[in-house]
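The shown structure was predicted, so the numbers you read here are calculated from the model rather than taken from an experiment. Start at 1 and go down the list; that is how both ligands and their atoms are numbered. All residue numbers refer to positions in the sequence shown, counting from 1.
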Amino acid sequence: MSNSGIPLDDLNQTQTISQTPFDIPVRRDLEWDFSQVERQFVEGDIFLSYLYAAFSCGATPIESFFIKSLKPTLDSIVGDDKLKRDVDAMIKQEALHSSTHRKFNNRLKELGYDIDGATQYFDNKLKEMVAGFTPIDQLGFVSAAEHGLYSFAMILLNDRAMQAQIHPQARRLFVWHFMEEAEHGAVSHDQYRYFMGNAYSHRMKTALRASQHVFNLVDGALDIFAEGFGHSRSVKNRIALLKYQWATPGIYRQMAVRMAEYMSPSYKLTFGHENTSLIQKYEKEIYAPQNLVV
Ligand SMILES: [Fe+2]
Ligand SMILES: [Fe+2]
């Protein structure tokens, strides 16, 4: 089954700032089952499960925040239908990410994770992070944050060993979400460029604000989950977490490198054939369990 990949050659590509060489699909037909997910759903130290629980719990308020930030400028896009379609599809994808992670988070809640406490924490932090920002500043912030998410997506999609550590039902959620992050990886930056062009100092200001908070943001939620289970981080937990985040596979280290690329004056996201074939490969895998049932 394939929903993606209408070549841009077939679209009216005159006068578009879009860097996405296909129309972004909105997949509403996926079925989810998280019933077999247990409290420890990532192999290795228990804090790795708390880490992925924090990613999932954060996805719901963060994606809602992205949508709120992207919508106010959508109607001001004039004369670029492709960009408008991209932004509209991205917002629809993000809304589905938010609601699907909520389903997964409900399963985590059944298992004892303090999802309500962590969600409240994310909501408060997001308000602090964009305090004093105008809608255009917020758009710059989302563009940078989306690049961070795109970076995480590409790291996970290109690392089968990382994926294999995650319980299959949770893995399918993250792979689906990150496949779509890869699909719309250029959209926020395109939307931002539509309004701001190459305003480098503004891009830096908003990207620095996003980068400054991103790692601490997730780590705060880990401790909420740990405390809820009566844990505090032991030295062993700290080492395992640091190793996973900064050494092997080193998500944060790899994300930091990609964020530095975003901050270079000449940053541009280019979609190659390898990106589109990666997306198509994962799309087949995500639909495979459903096709067995149908
Ligand atoms: Fe998303
Ligand atoms: Fe996104």
Flag if over 12 foreign heavy atoms under 6.0 Å of NZ, Lys84 | yes

Any chance NZ of Lys71 has more than 12 other-residue heavy atoms, nucleotides or ligands included, within less than 6.0 Å?
-> no

For residues Tyr52 and Phe41, establish whether the separation of their ring centroids is below 6.0 Å.
-> no

Using the benzene-type ring in the case of Trp, are the ring centres of Phe178 and Tyr150 under 6.0 Å apart?
-> no

Looking at the Fe ion (ligand 1), which N/O/S atom of Glu63 is the nearest one?
-> OE2

Starting from the Fe ion (ligand 1), look over the N/O/S atoms of Glu181 and name the nearest one.
-> OE2

Mind reading off the angle at the Fe ion (ligand 2) between the NE2 atom of His184 and the OE2 atom of Glu146, rounded to 10°?
-> 130°

Closer than 2.8 Å to the Fe ion (ligand 2), do we get an N, O or S atom from His97, backbone or side chain?
-> no

Is it true that a side-chain atom of Asp123 and a backbone atom of Pro61 form a donor plus acceptor pair closer than 3.5 Å?
-> no

Glu94 backbone or side-chain N/O/S under 2.8 Å from the Fe ion (ligand 1) | yes

